[in-house]
Amino acid sequence: AHFRTTAPVRATPVVVDGRLYVGNHETGGLNAFDVKSGKKLWGDDTPWFRHAPNWVHSEMLYVGGRLFVGYGNRVFRSATVRGTGESGVLALDASTGAQLWKHATEGEVMPTPVYWKGTLYIATGAGKLIALDAADGRQIWELSLPGWVSMSSPCFRDGMLYVGALNSVVGVDLRKREIRWIY
């Protein structure tokens, strides 16, 4: 099967339970396909349609029937904020593509979010690590990083989150909600 998009796809596709989920760079279009048949299950990639209200660079994170995806762009608003226009993260119903919630941020959310114990962690183009309740998108806490984060998706292991921020690598203890080290 072949599906032609209206703009480049820069997000890594995600495959779960026989479905492929992928976002589109400039249109913000989000789509789901059946892996075996190639049939489009939901989505829209029409120019200027914005399922996500800005570019999608990150892969969609699948957790328990929900998809989480960040959006924003790489244009600098200032020396300390990367991302113009709407930026943030969406939660979608994986079976229908319906938006469950949207959390707006200052600066883009191009890195893929991290999920741990009911909390979604996002890194922003304004140098923030933000913890959201994955059920409703409510902000739980935030932490200032040493600079904007762009294209450096956080990784997680044993209660520690690691992320590149500007010219540093940062280790964050999620249990204590504090930066443990900066290199």
Side-chain angles (χ1 to χ4, degrees), residues 1-47 49-74 82-83 86-105 107-125 129-137 149-158 160-164 172 174:
H2 178 84
F3 179 78
R4 179 174 288 286
T5 62
T6 58
V9 174
R10 294 187 180 163
T12 304
V14 172
V15 177
V16 178
D17 296 333
R19 290 181 170 205
L20 181 142
Y21 303 99
V22 67
N24 190 293
H25 169 58
E26 290 176 5
T27 67
L30 304 173
N31 297 284
F33 300 91
D34 180 272
V35 173
K36 289 183 181 175
S37 70
K39 179 184 173 197
K40 186 170 159 181
L41 302 171
W42 56 258
D44 197 338
D45 197 47
T46 308
F49 174 84
R50 299 243 183 224
H51 199 138
N54 210 330
W55 300 357
V56 173
H57 278 255
S58 74
E59 63 236 37
M60 288 187 245
L61 177 65
Y62 179 94
V63 179
R66 290 182 172 206
L67 295 166
F68 302 99
V69 64
Y71 57 90
N73 65 41
R74 65 177 177 248
R82 185 173 185 174
E86 287 190 62
S87 297
V89 64
L90 295 172
L92 308 172
D93 180 299
S95 61
T96 66
Q99 180 178 304
L100 302 172
W101 55 258
K102 178 169 84 168
H103 181 88
T105 61
E108 46 76 12
V109 180
M110 289 195 289
T112 302
V114 168
Y115 177 90
W116 183 54
K117 294 186 176 183
T119 303
L120 191 70
Y121 299 91
I122 59 173
T124 75
L129 174 65
I130 301 173
L132 303 174
D133 184 314
D136 61 15
V149 179
S150 181
M151 311 306 284
S152 176
S153 295
C155 66
F156 170 81
R157 181 173 174 120
D158 299 330
M160 287 291 292
L161 182 135
Y162 306 96
V163 66
V172 178
L174 295 180

Practice prompt. Flag the pair L30 / Y71 as yes when at least one side-chain heavy-atom distance between them is below 4.5 Å, and no otherwise.
Written response: no
Fill in: Minimum side-chain heavy-atom gap E108-N73 below 4.5 Å
no
Worksheet item: Taking R10 for the side chain and E26 for the main chain, is one N or O donor matched with an acceptor at less than 3.5 Å?
Response: no
Practice prompt. Output the distance between atom CG (L92) and atom CG (L100), rounded to the nearest 0.5 Å.
Written response: 6.5 Å
Got a list of side-chain donor-acceptor pairs under 3.5 Å for residues 109-123, not counting sequence neighbours?
unit_1, atom_1, unit_2, atom_2, d
T112, OG1, E59, N, 3.3
Y115, OH, G118, N, 3.2

Worksheet item: Shortest non-hydrogen contact from W42 to S95?
Response: CD1-O, 3.4 Å
Worksheet item: In Å, rounded to the nearest 0.5 Å, how long is the span from CG of N31 to NZ of K40?
Response: 4.5 Å
Practice prompt. Grab the two heavy atoms, one from V163 and one from P154, that are nearest each other, plus how far apart they are.
Written response: CG2-CG, 4.0 Å
Discussion item. My understanding is that only residues two or more places apart in sequence, or in another chain, count here; which of them pass ring pair (Phe, Tyr, Trp, His ring centres under 6.0 Å) with Y62?
Written reply: none
Item to complete: Answer yes if the ring centres of H103 and W101 are under 6.0 angstrom apart, and no otherwise.
Response: no
Fill in: H57 side-chain N/O to R74 backbone N/O, donor-acceptor pair under 3.5 Å
no
Worksheet entry | Over all atoms of both residues, closest heavy-atom pair of S58 and G70 | OG-N, 3.5 Å
Worksheet item: Say you draw a straight line from CG of D93 to CZ of R66; how long is it, rounded to the nearest 0.5 Å?
Response: 8.0 Å
Worksheet, complete the sentence: Heavy-atom closest pair (S152 atom, G164 atom, distance to 0.1 Å) is OG-N, 3.0 Å
Fill in: Distance, nearest 0.5 Å, that separates CG of L174 from CG of L161
5.0 Å
Worksheet item: Quick one: CG on D17 to CG on D34, what's the gap to the nearest 0.5 Å?
Response: 11.5 Å
Practice prompt. Starting at CE of M60, measure out to CG of L20 and round the result to the nearest 0.5 Å.
Written response: 8.5 Å
